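Structure first, then comments.
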Amino acid sequence: MLKKLIGIISLPLIITSCTQAEAESVEVDVDADLEYCAAQVERSLHELSSDSTDYTMMPRNIASTDTVWHCRKATPDEWCAGFWPGILWYDYEMTGNEVVREEAERYTASLEYLSQRPAFDHDLGFLVFCSYGNGYRLTHNPKFKQIILNTADTLATLYNPRVGTILSWPRNVEMLGGHNTIMDNMINLEMLFWAARNGGSHRLYDIAVKHAETTMKHHFRPDYTSYHVAVYNPTSGEFIKGMTHQGYSDNSMWARGQAWAIYGYTVVYRETKDPRFLDFACKVADVYLAGLPDDYIPYWDFNDPSIPDAPRDASAACVVASALLELQGFCQDEKKSVYMDAARHMLASLSTDSYRSGAHRPSFLDHSTGHKPAGSEIDASIIYADYYYIEALSRMKKLESESSLMAKR
Ligand code: GLY
């Protein structure tokens, strides 16, 4: 059924199995999974605390050979510093544990300075919307709101109207040969949409929409698989080339890049209700789903010739599971159930002993791949996998609560 919905895919993906579409729907024990996350959060907080806990040191990863969090200082170039505060906010939302909330406040506060300085690069959305965004959603603290609004204005300074996208890496303009935009940048648009709806300039909305349109035009191959990086002439706006940075090759489908595209276009549809973006979100999701192995957890790059011996990327599975739980809500009939079933399969696999960190590490999950070409964070626990895992579980929990309420009516 999945194949029928997806249609013909032209890129020669390395597909180990596509039988998942016919598989029975699986159950996810969301409450048990959230309890597991809560226990791992408590354990991490305990291991990270000392008489003088440094709240600017954020858990980033645990190497496959290690058992404790490797932390990095929340400096402007540490793009992952917002995920740990974000995890704490989600855990607080799910458990109501006030100790976790206090810790969330403290870690979040370490990122305030980002709203008071020029942009280092595009990652401001990851940094400030995962932390302050969730914090504001749960507390309505007006200070948090102002920090997000200021940061959205800072992010907008990287927008080039001649190109129609936000510059991702100012530091790499010369090396890459122009204005560069990476697929990950789609995630940062959510903060611009939010700011435009919450007292910021409407220009932020316009920038986000134009960025999504330009990316849709140039950042994808005809089969809807994405380049990681698009390079543009900063003066004429002309598209120069598509290439990779963290993937296997310029023309391969890097799993997390495609995951950012699925998540990003789902958000853009939510915010604009423009059917072009819904159609596109489905297309980029379908090509990803068609290339998954049996357990729905992708290899780090769908075109790595060493598959099935290549490392997996659980983080991409978490991002996509969370995105599909939103995307299915915008779809009808077969497509809705395909996306819902796929998200369930992803969460069910991630919640097995094969992917859980369990007793041997304080993270939620193992088996993510950060930057394989650089030999960095391969088959590791990585903080953004945990962030999107708990986000997906909380989305699933809310969907279950809504459907049980509907059943009672
Ligand atoms: N560059 C962000 C990522 O690894 O997805």
Side-chain angles (χ1 to χ4, degrees), residues 1-30 186 212 216 220-226 253 255 258-298 302 316-351 388-389 391-407 409:
M1 183 218 292
L2 183 67
K3 278 281 187 67
K4 198 172 79 195
L5 287 170
I6 289 169
I8 306 297
I9 291 151
S10 57
L11 184 77
L13 298 167
I14 296 169
I15 298 173
T16 54
S17 170
C18 243
T19 57
Q20 65 263 38
E22 285 81 39
E24 293 295 305
S25 184
V26 292
E27 291 305 317
V28 178
D29 190 342
V30 183
M186 287 299 301
M216 193 159 76
F220 292 85
R221 306 174 191 96
D223 62 358
Y224 304 104
T225 63
S226 56
M253 180 161 69
Q258 196 73 14
W260 296 139
I262 298 165
Y263 194 110
Y265 280 97
T266 301
V267 168
V268 177
Y269 176 69
R270 178 221 297 156
E271 297 292 337
T272 62
K273 292 292 179 285
D274 180 334
R276 286 176 307 151
F277 295 125
L278 177 57
D279 180 59
F280 202 71
C282 294
K283 286 186 163 114
V284 297
D286 291 346
V287 69
Y288 173 99
L289 293 177
L292 287 176
D294 269 349
D295 71 355
Y296 285 73
I297 312 299
F302 285 61
C318 297
V319 173
V320 174
S322 188
L324 292 181
L325 289 173
E326 178 162 34
L327 184 57
Q328 63 78 32
F330 302 138
C331 298
Q332 270 86 46
D333 306 326
E334 273 182 298
K335 215 146 184 67
K336 183 181 183 73
S337 61
V338 165
Y339 293 153
M340 193 66 202
D341 279 359
R344 278 208 183 92
H345 274 91
M346 290 167 198
L347 288 177
S349 278
L350 291 164
S351 303
Y388 288 99
Y389 180 62
E391 179 182 90
L393 290 172
S394 79
R395 285 181 173 184
M396 184 71 105
K397 173 87 186 158
K398 285 170 198 164
L399 287 170
E400 286 185 2
S401 304
E402 279 163 23
S403 65
S404 83
L405 269 179
M406 297 278 274
R409 275 187 196 148

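Computed from heavy atoms alone, side chains included, the values below leave out hydrogens, waters and symmetry copies. Owing to the predicted nature of the structure, the values given are computational and were not obtained by experimental measurement. Numbers here are sequence positions counted from 1.
In this structure, the ring of Y224 has its center no less than 6.0 angstrom from the ring center of Y288.
Between Y263 and L327, every side-chain heavy-atom pair lies at or beyond the 4.5 Å cut-off. Side-chain contact between L292 and H345 is absent, with no heavy-atom pair separated by less than 4.5 Å.
A search for side chain to side chain donor-acceptor pair (under 3.5 Å) contacts involving S322 returns E391, R395, not counting sequence neighbours.
What you find for D274 and Y269 is that their closest heavy atoms are O-CD1, 3.2 Å. For the residue pair Q258 and V284, the shortest heavy atom distance occurs at NE2-O, 3.2 Å. Residues C331 and C282 approach most closely at SG-SG, 3.9 Å, considering heavy atoms. Nearest approach of I262 to V320, heavy atoms of both residues: CD1-CG2, 3.9 Å.
Y265 contributes a side-chain N or O that, together with a main-chain N or O of A212, makes up a donor-acceptor pair within less than 3.5 Å. Counting only distance, with no hydrogens or angles, the side chain of S351 and the backbone of A348 share no donor-acceptor pair below 3.5 Å. With hydrogens and angles ignored, the 3.5 Å screen pairs no side-chain donor or acceptor of E400 with any backbone N or O of K397. When atom types are taken as modelled, the side chain of S349 and the backbone of D295 share a donor-acceptor pair closer than 3.5 angstrom.
Rounding to the nearest 0.5 Å gives a distance of 11.5 Å between CZ of F280 and OG1 of T266.
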